[in-house]
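In what follows, a structure is listed as structure tokens, so that the remarks can point back to it.
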Amino acid sequence: MNKKELLELADTLNLSKEEYCILSGGALVSHGLREQTNDLDIDITQNGFELLKKKFNIELINEEKKQYKVTDEIECFLVDKLESDIIYIDNYPCESLISIYNFKKRINREKDRADILAIEKYLNIK
């Protein structure tokens, strides 16, 4: 999905922008470093999670990571507190590029290498 489709999908959650943060691929699309993403991953507060449970049939995916499937296109990670370095893009809360970069560098998956290079180029990291 492109940026327009991603943000429309985020709107279907009908959550306050203080209750969630768009992560990883979705954040990269929002930042303009990717054209497309396959899904919408979000961090979500307990309050936001309780609201989602009223609207969606949420399924636990990974108990250790507190990862849940909201729909076929949306997954959420329950967090005690949202990160402090959230960047608002078009009024949507997104994970910062440096946060995405640090995560992707740490886990070092093959599928993340293009994203790492794009962030390094954009942020002029050598």
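Using a 4.0 Å cut-off between a side-chain N of Lys or Arg and a carboxylate O of Asp or Glu, K3 and D90 qualify as a salt bridge. A salt bridge links R113 with E110; the closest basic N to acidic carboxylate O contact falls under 4.0 Å. A salt bridge links K4 with E8: the distance from a Lys NZ or Arg NE/NH1/NH2 to an Asp or Glu carboxylate oxygen falls below 4.0 Å.
Relative to the ring axis of Y88, K17 does not place its NZ or CZ within 45° and under 6.0 Å from the centre.
Side-chain atoms of N2 and Q36 include no donor-acceptor pair closer than 3.5 Å. A donor atom on one side chain and an acceptor atom on the other are found under 3.5 Å apart for S16 and E18. A donor-acceptor contact under 3.5 angstrom links the side chains of Y92 and D11, judged on distance only. In this structure, a donor-acceptor pair under 3.5 Å is absent between the side chains of Y68 and E75.
Taking a 6.0 Å sphere around CG of N108, one finds it holds more than 12 heavy atoms contributed by other residues, nucleotides or ligands.
L40 is not listed as a side-chain neighbour of L23, based on a closest heavy-atom distance of 4.5 Å or more. At a threshold of 4.5 Å between non-hydrogen side-chain atoms, the residues I44 and F77 do not count as touching.
Contact record, D85 with S96: OD2-OG, 2.7 Å, taken as the closest heavy-atom pair. The heavy-atom pair separating G26 from T37 by the smallest distance is N-OG1, 3.8 Å.
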